[in-house]
Protein chains: 2
Amino acid sequence: VHNGIEYAIMELLAESYDLLRRGLGLSSGEVAGIFAEWQQGELASYLVEITPPILRRVEEKTGQPLIDLILDQARQKGTGKWTSQEAMDLQVPTPTIDTAVMMRDLSGFKAEREAASQALQGPSPAFQGDRPAFIRQLGRALYTGMVLAFAQGLALLRQGSQAHGYQLPLEAVARIWRGGCIIRAALLEDIRAAYQTNPELPHLLLGPHLGREVVARIPDLRAVAATAADLGRPAAGLLVSLAYYDAYRSARLPANLIQAQRDYFGAHTYQRTDLPGTFHTHWEG
Amino acid sequence: VHNGIEYAIMELLAESYDLLRRGLGLSSGEVAGIFAEWQQGELASYLVEITPPILRRVEEKTGQPLIDLILDQARQKGTGKWTSQEAMDLQVPTPTIDTAVMMRDLSGFKAEREAASQALQGPSPAFQGDRPAFIRQLGRALYTGMVLAFAQGLALLRQGSQAHGYQLPLEAVARIWRGGCIIRAALLEDIRAAYQTNPELPHLLLGPHLGREVVARIPDLRAVAATAADLGRPAAGLLVSLAYYDAYRSARLPANLIQAQRDYFGAHTYQRTDLPGTFHTHWEG
């Protein structure tokens, strides 16, 4: 689960880098400066910290930024995949992690992507908005995505702990991660505090402090998602994180239609909001 | 894989229903009329066809639309999950299917969603745009999502066929599905034709006809995604389908940063675009 969260955060950072580099047309050095500034605030974390030196590294022979010469095919050792597969077995939604695994897989289809980039051309509008405002929004959207990645992973650990009788103390998990690992982040102190206050907290978004912090930044995530869609930049992790947030806070989802369809074509039955029991309708006729 | 595609299409239909019902504030009967109109055109399919009678069904005792009384918790028998887990093992991206599985899981957390709907309140702006134009765009976005769901499933079948030596004739698969099953759709005739023209077609988007049809409708999917984000309606399947499209047509993805980070913290090495071989950088110092 640590590594699943790691995949998710790395995907969110890669999408942010892409929005700045190709969306706004900034240089690698300029993007490095933005990550370095982010490292001074609420995004402070190991993975943000190592990004500026990566983006500033110059390849000696060509004098080019080394990052521009690195092949865009992400490899993996399977630990993110295990997280997603286990989440599906336990029926815990972890979409930011799943999407990060998916994007690593998609990156491997380099030849198809090159063919598709010719076949599926579309407008690539230049960014027309307020750059400093967008950069600030992106940092806040990224914070939200990171909270949601941790929230999904910790909800999975909680469910796994219940299913397998692990009795995992989530406050200690957050404290250990904060102490030193690839996903260590200042944010983990707030996560630890949330579980200290309520060891049985079902979901990080239901903790008062982090819930409030996320609510305050959701307009930024909305704006970034709309910009990514408009510019045609692939930002699956950011987009799915927003959709997950909006679904999680929906007292009513349209899953009633799914249940009705399942009952229509397969007599799988459904439950009702107004009556106990299990129901089946003879839909035809 | 048939059932994985079925999950994806059902999720896309549920999101469309939700955008019309809660996003635009239409009645169940009005939404039924829109689905019935869609059934007359390029969206013609079994799952679209059964939606109007479902939405028009009146519960006898209360006189209310039955759909409004059905609990929004989608159940599953695991076949969508198997599709996503197998896709992850074969490293084939199937995000629209994965997201449909995730959303069924998320629908199960009804009590948490009810609590979150109180804790995570946000603006719920009324739709201010052109309603007939949005409804037309939504139909075209839905068509695109359906093509992408089939494209993902068929890419998975192709990879599975290669991995396991099945020698699956994908034209026959499309023809059989078209003949009669839950995902039968007029669209499958175009899919069958694409594989007839090129039995080794790596991806449906690379077939000239369907690629062109999707390119023409991507602006509609972009507009619908932006509207869903703006209105706060959960549309994970539509959003991730758009992000998948934009990633698939990206000759360069930001996975180079992921590879650099992996090499930084784990010496996992990377490849380069300008030179053959495998490389490692001493990033620190």
Side-chain angles (χ1 to χ4, degrees), chain A residues 10 14 17-18 50 54 67 69-72 74 81 85 88 91 93 95 98 102 105-107 112-117 119-120 182 202-203 206 211 215 222 225-226 229 232 234-236 239-240 243 246-260 264-265 270-274, chain B residues 10 14 17-18 50 54 67 69-72 74 81 85 88 91 93 95 98 102 105-107 112-117 119-120 182 202-203 206 211 215 222 225-226 229 232 234-236 239-240 243 246-260 264-265 270-274:
Chain A
M10 289 171 75
Y17 154 70
D18 181 72
I50 68 173
I54 287 172
I67 190 72
L69 301 172
I70 294 178
L71 186 67
D72 57 325
K81 182 190 78 168
Q85 290 178 328
M88 288 181 185
Q91 300 193 292
D98 308 343
M102 179 279 290
D105 292 337
L106 181 49
S107 77
E112 281 190 39
R113 289 194 282 112
E114 285 174 339
S117 75
L120 306 173
I182 290 170
H203 193 287
L206 298 178
V215 166
R222 288 194 200 291
L239 265 63
V240 88
D246 279 329
Y248 187 73
R249 71 187 188 102
S250 288
R252 294 211 68 176
L253 284 172
N256 53 330
L257 179 58
I258 290 172
Q259 283 299 85
Y264 190 113
F265 66 67
Y270 58 85
Q271 294 174 285
R272 285 174 60 154
T273 56
D274 59 336
Chain B
M10 290 171 74
Y17 154 70
D18 180 72
I50 68 173
I54 287 172
I67 190 71
L69 301 171
I70 294 178
L71 185 66
D72 57 326
K81 181 190 80 167
Q85 290 178 328
M88 287 181 184
Q91 300 193 295
D98 308 342
M102 180 279 291
D105 292 335
L106 182 48
S107 77
E112 281 189 39
R113 290 193 282 111
E114 286 175 339
S117 76
L120 308 172
I182 289 169
H203 194 286
L206 298 178
V215 166
R222 287 193 201 291
L239 264 61
V240 87
D246 279 330
Y248 187 73
R249 72 185 187 102
S250 288
R252 295 212 67 175
L253 284 172
N256 54 330
L257 179 58
I258 291 172
Q259 283 298 85
Y264 190 113
F265 66 65
Y270 58 86
Q271 293 174 285
R272 285 175 59 155
T273 56
D274 59 337

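Letters go in sequence order (proteins before strands), and every chain restarts at 1.
- Between chain B and the residues A:E114, A:K81, A:Q85, the most heavy-atom pairs under 4.5 angstrom are made by A:Q85.
- Residue with the most contacts toward chain A among B:P234, B:S107, B:A229, B:A115: B:P234 (heavy-atom pairs, distance under 4.5 Å).
- Among B:G211, B:A116, B:A119, the residue making the largest number of heavy-atom pairs under 4.5 Å with chain A is B:A116.
- Note that CG of B:L120 is 13.0 Å distant from CZ of B:R113, once rounded to the nearest 0.5 Å.
- Comparing A:L239, A:L253, A:L257, A:V215 by heavy-atom pairs within less than 4.5 Å of chain B, the highest count is held by A:L253.
- Taking B:D246, B:N256, B:D274 one by one and counting their heavy-atom pairs under 4.5 Å with chain A, the maximum is reached by B:N256.
- Considering every non-hydrogen atom in both A:V240 and A:P95, the closest pair reads CG1-O, 3.7 Å.
- For B:F265, the parts lying near chain A are the backbone and the side chain together; criterion is any non-hydrogen pair under 4.5 Å.
- Judged as a ring pair (Phe, Tyr, Trp, His ring centres under 6.0 Å), and not counting sequence neighbours, the contacts of A:Y248 are A:H203.
- Of the listed residues A:Q91, A:R222, A:M102, the one with more heavy-atom pairs under 4.5 angstrom with chain B than any other is A:Q91.
- Only the side chain of B:L206 comes within less than 4.5 Å of a heavy atom in chain A; its backbone stays farther off.
- When each of A:A236, A:A226, A:S117 is checked for heavy-atom pairs under 4.5 Å with chain B, A:S117 comes out on top.
- Taking both residues in full, the closest heavy atoms of B:M88 and B:D98 are given as CE-OD2, 4.3 Å, listed atom of the first, atom of the second, then distance.
- Comparing A:P202, A:A243, A:A255 by heavy-atom pairs within less than 4.5 Å of chain B, the highest count is held by A:A255.
- Only the backbone of B:A235 comes within less than 4.5 Å of a heavy atom of chain A; no side-chain atom from C-beta onward does.
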For B:M10 and B:I182, run side chain to side chain contact (heavy atoms under 4.5 Å, CB included): C-alpha distance rounded to whole Å, both residues' side-chain angles, the deciding distance at 0.1 Å, then the answer.
-> CA-CA 10 Å; B:M10 290 171 74; B:I182 289 169; 5.5 Å; no
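- When every heavy atom of B:A251 is checked against every heavy atom of A:D72, the shortest pair comes out as O-OD2, 3.3 Å.
- Of the two parts of B:L69, the backbone and the side chain both hold a non-hydrogen atom closer than 4.5 Å to a non-hydrogen atom of chain A.
- With sequence neighbours excluded, the residues forming a side-chain contact (heavy atoms from CB on, under 4.5 Å) with B:A14 are A:P254, A:I258, listed by chain and number.
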